[in-house]
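Input: a single structure, listed below in structure tokens.
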Amino acid sequence: MAGNSPRIGVLALQGDVREHVETLNALGVVPSEVRTIDQLGQVDALVIPGGESTVIDKLTRMFGLAPVISERIAEGMPVLGTCAGLIMLANHLADGTADQQTFGGLNVTVRRNAFGAQVDSFETELSMPTVSQQLVAATFIRAPVIESLGEGVHVLASLADGTVVGAQQGNVIGISFHPEVSGETKIHEYFLGVVEAFLSSTQR
Ligand code: GLN
């Protein structure tokens with residue numbers, strides 16, 4: 001890679017932060033944990049973990065991070081959200097709580113907890129040709145789905161029945177499932193490529 005290593009942050013207020021850090025470590029990247037506006041200012045790109053979107057929403061608003069994250073995303077900061085992270089990136093939310101807000105950036109409608117109580121969690125392998133020639137391991141845990149896609153959004157992954165579970169719009173990538181809990185590295189590797197392309201285009 002030319003120049004400095006990209007500075008990757010993991011939003012570390014709630015959720016499976018450690019698993020994302022370990023997945024990035026496996027790819028030779030040492031991310032920093034982001035809990036403050038200052039720390040956000042020191043990263044080039046952000047990973048938003050899975051966990052509970054209502055809690056991530058509340059905490060980021062409480063700490064004043066939410067509007068700054070939205071602004072950075074709107075300015076082009078590369079961002080990867082998994083599960084609750086995807087929910088936080090959706091421009092529109094279905095089945096959110098009454099006052100639930102998102103950062104936005106991905107022109108989609110995401111439905112929370114879309115698989116219902118009967119199918120709380122499951123594992124599968126998905127074809128994601130944009131990301132990798134190989135199948136990608138996907139763990140779904142109380143997962144959301146992408147119910148509708150607006151202009152400029154590219155589908156990254158779908159289930160056999162056509163349900164969209166991964167999408168990208170520019171530098172914003174959101175997926176319904178957790179690659180990080182099974183040691184799957186391909187999506188993070190793809191994300192790092194997006195980050196590098198962004199940084200070389202802005203000639204940091
Ligand atoms: N159901 C959770 C939410 O609404 C997401 C679950 C997850 O991230 N594993 O935020």
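If you're wondering where the values come from, they're calculated on a predicted model, not measured in any experiment. Quick note: residue numbers are just sequence positions, from 1. Just so you know, ligand 1 is whichever comes first in the structure, and atom 1 is the first atom listed for that ligand.
- For the pairing with Leu11, the side chain to side chain contact (heavy atoms under 4.5 Å, CB included) check across Leu59, Val43, Leu65 returns one residue only, Leu65.
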Could you tabulate the donor-acceptor pairs under 3.5 Å formed by side-chain atoms of residues 137-144, not counting sequence neighbours?
none

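- Checked by atom type, the side-chain pair Asp38/Thr36 shows no donor-acceptor distance below 3.5 Å.
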For ligand 1, find each of its N or O atoms that sits under 3.5 Å from a protein N or O atom, and tabulate the pairs with distances to one decimal place.
unit_1, atom_1, unit_2, atom_2, d
ligand 1, 1 (N), Asn113, OD1, 2.6
ligand 1, 1 (N), Arg142, O, 3.1
ligand 1, 4 (O), Ser53, OG, 3.3
ligand 1, 4 (O), Arg112, NE, 2.8
ligand 1, 4 (O), Arg112, NH2, 3.0
ligand 1, 8 (O), Gly51, N, 2.9
ligand 1, 8 (O), Gly51, O, 3.1
ligand 1, 8 (O), Ala84, N, 3.1
ligand 1, 9 (N), Ile141, O, 3.0
ligand 1, 9 (N), His178, NE2, 2.9
ligand 1, 10 (O), Ser53, N, 2.5
ligand 1, 10 (O), Ser53, OG, 2.8

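- Taking a cutoff of 4.0 Å between a charged side-chain nitrogen and a carboxylate oxygen, Glu52 and Arg112 qualify as a salt bridge.
- Applying the ring pair (Phe, Tyr, Trp, His ring centres under 6.0 Å) test to His188 and every residue at least two apart in sequence or in another chain returns His20.
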Pairs under 3.5 angstrom only: tabulate donor-acceptor contacts from the side chains of residues 24-33 to other protein residues two or more places apart or in another chain.
unit_1, atom_1, unit_2, atom_2, d
Asn25, ND2, Val21, O, 3.4
Asn25, ND2, Val29, O, 2.9
Glu33, OE1, Arg35, NH2, 2.5

